[in-house]
Amino acid sequence: MEEKKRRLLTSQDPAAQGPDPARSKLSTPVKPLSKVSIGWRIVVPAIAFVILTCGQFLNTNDFFPLGSLTQYATAKDLNGTVNSTCIEAQFPGEDEPRRLGFNAATVGIERGDVESQLDRVIAHPELLQSMADSYIRLHPDEPKPETMFLCRTTTQLKNGLAVGEPEQTTLAKWEVR
């Protein structure tokens, strides 16, 4: 420790003093990487880069976490709107549809997976049947939903804060079979 302090205070270059004989006996020789080691260190990042690039061009989340990064691509207007996709179900004996948790534990799929294919689900509302089936399978003690609704809430922002009540729009409706 004293040697280090002395070198720091005197700004001496340790290499100028020559090799330390005690240190050279303890150090292990450096072994160069084999061709296989170099190869996999090049191939693995290259494959990840190709998958990331394909996910960007195809705008898909199927390769998560190397999928589309569009959610990070643009800044949000502090006086704009925020859209949130939601799922609701009409149950027997209830007057109003009930909002369900939009996650794998409730309807068998995550919100982002549906949002990445939102146009497809709106065009083919029968895809909501699989969410109803998953809900029934995941919640066997709950009543079976009669109708599934894919909806969107739109919240107006002012200076980045929510103003007023969110506006809800039904995007798709499916009578459960």
Side-chain angles (χ1 to χ4, degrees), residues 38-177:
I38 293 171
W40 78 260
R41 284 175 170 83
I42 292 172
V43 170
V44 170
I47 289 171
F49 179 73
V50 168
I51 292 171
L52 178 61
T53 303
C54 289
Q56 289 296 92
F57 285 118
L58 298 174
N59 195 21
T60 180
N61 241 0
D62 293 341
F63 308 126
F64 182 82
L66 298 174
S68 173
L69 301 174
T70 55
Q71 71 264 30
Y72 306 114
T74 57
K76 293 293 180 193
D77 180 9
L78 294 178
N79 294 316
T81 59
V82 175
N83 294 319
S84 179
T85 307
C86 53
I87 190 90
E88 291 184 339
Q90 179 72 45
F91 291 94
E94 294 183 5
D95 295 333
E96 295 292 320
R98 185 188 331 159
R99 181 159 304 182
L100 302 176
F102 212 156
N103 55 53
T106 306
V107 291
I109 192 167
E110 295 292 339
R111 175 193 319 265
D113 294 326
V114 173
E115 287 177 341
S116 69
Q117 301 181 46
L118 195 58
D119 293 336
R120 182 173 166 237
V121 177
I122 292 170
H124 301 281
E126 64 271 13
L127 294 172
L128 294 174
Q129 180 67 46
S130 65
M131 287 185 240
D133 293 341
S134 294
Y135 180 85
I136 294 166
R137 180 177 46 81
L138 293 167
H139 306 279
D141 298 334
E142 296 285 325
K144 177 182 171 185
E146 295 176 333
T147 309
M148 298 292 288
F149 300 91
L150 181 67
C151 51
R152 174 184 291 148
T153 58
T154 304
T155 305
Q156 181 65 47
L157 299 179
K158 184 172 183 182
N159 295 324
L161 300 173
V163 178
E165 290 296 316
E167 180 181 313
Q168 184 167 317
T169 308
T170 299
L171 303 174
K173 178 181 175 182
W174 180 253
E175 298 295 325
V176 178
R177 297 180 184 160

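This chain uses plain numbering: 1 for the first residue, then up along the sequence.
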Practice prompt. Specify the closest pair of heavy atoms between P97 and E88, including all atoms of both residues, with the distance to one decimal.
Written response: CB-OE1, 3.6 Å

Worksheet item: ring-ring contact (aromatic ring centres under 6.0 Å, His included): which pairs involve residues 152-174, sequence neighbours left out?
Response: none

Item to complete: Among residues two or more places apart or on two chains, list those pairs meeting disulfide bond (SG atoms under 2.5 Å apart) that have a residue in residues 80-177.
Response: C86-C151

Practice prompt. Step by step, work out the side-chain contact (heavy atoms from CB on, under 4.5 Å) result for I87 and L128.
Written response: CA-CA 9 Å; I87 190 90; L128 294 174; 3.9 Å; yes

Worksheet item: Just how far is it from atom CG of D133 to atom CE of M148, taken to the nearest 0.5 Å?
Response: 9.0 Å

Fill in: side-chain hydrogen bond (donor to acceptor under 3.5 Å, both in side chains) between D113 and Q117, intermediate numbers included
CA-CA 7 Å; D113 294 326; Q117 301 181 46; over 6 Å; no

Discussion item. Return the CD1 to NZ distance between I122 and K173, rounded to the nearest 0.5 Å.
Written reply: 15.5 Å

Worksheet entry | Pairing residues for T154 by the side-chain hydrogen bond (donor to acceptor under 3.5 Å, both in side chains) criterion, not counting sequence neighbours | N83

Worksheet item: Of all heavy-atom pairs between K144 and R177, which one has the smallest distance, and what is that distance?
Response: NZ-O, 3.2 Å

Worksheet entry | Set of residues satisfying side-chain contact (heavy atoms from CB on, under 4.5 Å) with respect to P140, sequence neighbours excluded | none

Discussion item. Show me the pairs that pass disulfide bond (SG atoms under 2.5 Å apart) and involve residues 94-128, at least two apart or across chains.
Written reply: none

Discussion item. Does atom CD (Q129) have a neighbourhood of more than 12 heavy atoms from anything else shown, all under 6.0 Å?
Written reply: yes

Worksheet item: Partners of Q90 by side-chain hydrogen bond (donor to acceptor under 3.5 Å, both in side chains), sequence neighbours excluded?
Response: none

Discussion item. The criterion is side-chain hydrogen bond (donor to acceptor under 3.5 Å, both in side chains); which residues satisfy it with T147, sequence neighbours excluded?
Written reply: E175

Worksheet, complete the sentence: Minimal heavy-atom distance between G101 and T106, with the atoms involved, is O-CB, 3.1 Å

Item to complete: Can you see which heavy atom on A162 is nearest to which on T155, and at what distance?
Response: CB-CG2, 3.6 Å

Practice prompt. Check salt bridge (Lys or Arg N to Asp or Glu O under 4.0 Å) between E94 and all other residues, then give those that pass, not counting sequence neighbours.
Written response: R98

Worksheet item: Excluding sequence neighbours, so at least two apart, what forms ring-ring contact (aromatic ring centres under 6.0 Å, His included) with Y135?
Response: F91, H139

Worksheet item: To the nearest 0.5 Å, how far apart are CD in E167 and OG1 in T81?
Response: 9.5 Å

Fill in: From L138 atom CG to L100 atom CG, the distance as rounded to the nearest 0.5 Å
11.5 Å

Discussion item. Test: ring-ring contact (aromatic ring centres under 6.0 Å, His included). Region: residues 94-128. Which pairs qualify, not counting sequence neighbours?
Written reply: none

Worksheet item: Between I136 and P145, is any pair of side-chain heavy atoms under 4.5 Å apart?
Response: yes

Worksheet item: What pairs with E115 under side-chain hydrogen bond (donor to acceptor under 3.5 Å, both in side chains), at least two apart in sequence or on another chain?
Response: T85

Item to complete: Would you please name every residue forming a side-chain contact (heavy atoms from CB on, under 4.5 Å) with N79, sequence neighbours left out?
Response: D77, K158, N159

Practice prompt. Drop me the distance from L150's CG to T169's OG1, to the nearest 0.5 angstrom.
Written response: 11.0 Å

